[in-house]
Amino acid sequence: MTTDRRPTHALVASAVLAPLVAAVGTGLAYAVRDLVPDPVAVHWGLHGEPDRWQPFGAAVVTAAVITTVMPLALVGLATVMHRSARGPLAAVAGGAAVFLGGVLFGGLVAQRPGQVPQAFPPQWAVPTLVLTALVAVGLWRWGRPTPPELTGARQPLPDEAPRLDVTPTTRLAWTGRASLRVGPTVALAVVVALPLVWVALAGLAWVWLLALALGALLALTLSARVTVDAAGLRVSSAGLSWSRVPLERVASAGTTTVSPLREFGGWGWRIGVDGRRGYVTRAGEALVVHRIGEPDVVVTVDDADEAAAVLNTLAARVG
């Protein structure tokens, strides 16, 4: 069997991208060196006014180090995780490199004598956000591993796998919802939105759009519909699929208990160190789907035993 190396290639590309963005930013900064004051503003207070400065050279070095080190730390994390996690982490690392480089170097080179420095100059921040999204999506798609080809006869489901006692022609379907509790949702929303609201109130009204976009993303990732039917398992919200497991890929399904922080490092759509995909919104009962040739999928949902029984019954019908 040939190993799909696209996830590794995408991760290598993101590792190269970080120092490349830092080098381009450094070159650009020194290209406009004579137009930028010295020292330059590097930090802004609650009212959007600069409150800390650095010599030009030190500011450039700081920006280059942050732009390089933080994405490479994500690349290093990916190397100790399951290879199927390399694509998603390559997307995060590459997007972080572009975002940090655009914001840090953009805020530096946009400063001019006689003008009040801005933390997020729009002429740099808006293109940076667009390019960040394009790079992240491109690396994500490049790094998506191709599932191994299914060959030979399908192995029967384990005897202990729960199933329903119904006729083979009975139409089956099951739906549920995976949602974070109201209290944690509000707390997480405040943590995410508060810094952006502060920036917007400081005089950058366009940042409200970013706050709204992040709020919409938060709503999408913390509540999803779980469906089991003749197409397999689907976890989706607002038409966006977080996980999809066709019946022919189901080895078996069952239940488990989940600790979001310990096993997945948080809530929402996550990837475990062992490669498991998790849509986790709370601790406790969860549906676990063992896939053929791929890591498991875990979904925290009530009545997970019912979902597992329906999925096993449907999967057993696949020849």
Side-chain angles (χ1 to χ4, degrees), residues 8-46 48-81 85-113 115-136 138-140 143 191-192 195-196 198-199 202 204 207 210 214 265:
T8 300
H9 293 163
L11 188 65
V12 171
S14 67
V16 172
L17 183 62
L20 179 62
V21 170
V24 171
T26 300
L28 178 63
Y30 276 97
V32 297
R33 172 69 184 87
D34 293 339
L35 303 177
V36 178
D38 193 355
V40 293
V42 295
H43 191 270
W44 285 259
L46 292 176
E49 297 292 332
D51 59 7
R52 191 168 74 237
W53 288 260
Q54 273 189 326
F56 177 84
V60 171
V61 170
T62 299
V65 169
I66 294 175
T67 301
T68 303
V69 171
M70 293 185 66
L72 289 183
L74 293 171
V75 172
L77 175 63
T79 62
V80 301
M81 297 180 68
R86 293 174 184 173
L89 281 175
V92 176
V98 174
F99 178 78
L100 290 170
V103 168
L104 294 175
F105 286 106
L108 191 155
V109 303
Q111 298 182 39
R112 294 293 184 270
Q115 298 180 3
V116 177
Q118 292 180 288
F120 303 98
Q123 69 271 29
W124 280 93
V126 174
T128 293
L129 291 175
V130 173
L131 188 57
T132 296
L134 291 175
V135 169
L139 287 171
W140 181 290
V191 170
V192 171
L196 293 173
W198 162 68
V199 173
L204 299 174
V207 179
L210 180 58
L214 287 178

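Positions are given from 1, in the same order as the sequence printed here.
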Can you give each donor-acceptor pair under 3.5 Å made by side-chain atoms of residues 54-67, sequence neighbours left out, with the distance rounded to 0.1 Å?
{"unit_1": "Thr62", "atom_1": "OG1", "unit_2": "Ala58", "atom_2": "O", "d": "2.9"}
{"unit_1": "Thr67", "atom_1": "OG1", "unit_2": "Ala63", "atom_2": "O", "d": "2.7"}

State the CG-OG1 distance between Leu89 and Thr79, to the nearest 0.5 angstrom.
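If I round to the nearest 0.5 Å, the distance is 9.5 Å.
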
Any non-hydrogen side-chain atom of [X] less than 4.5 Å from a side-chain atom of [Y]?
{"X": "Phe99", "Y": "Thr128", "answer": "yes"}
{"X": "Leu77", "Y": "Val80", "answer": "yes"}
{"X": "Gln111", "Y": "Pro37", "answer": "yes"}

Please walk me through it: do Trp53 and Val42 pass side-chain contact (heavy atoms from CB on, under 4.5 Å)?
CA-CA 5 Å; Trp53 288 260; Val42 295; 5.7 Å; no

For residues Ala93 and Pro71, report the shortest heavy-atom separation together with the two atoms involved.
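Smallest interatomic distance, heavy atoms only, reads O-CB, 3.5 Å.
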
Please give me the minimum heavy-atom distance between Ala91 and Ala136, naming the atom from each residue.
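Closest approach of Ala91 to Ala136: CB-O, 3.2 Å.
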
Using a 6.0 Å cut-off, check whether atom CE of Met70 has over 12 heavy atoms from anything other than its own residue.
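Incorrect, the count does not exceed 12.
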
Atom pairs and distances, side-chain donor-acceptor, residues 12-33, under 3.5 Å, sequence neighbours left out:
{"unit_1": "Ser14", "atom_1": "OG", "unit_2": "Leu11", "atom_2": "O", "d": "2.7"}
{"unit_1": "Thr26", "atom_1": "OG1", "unit_2": "Ala22", "atom_2": "O", "d": "2.8"}
{"unit_1": "Arg33", "atom_1": "NH2", "unit_2": "Asp38", "atom_2": "OD2", "d": "2.9"}

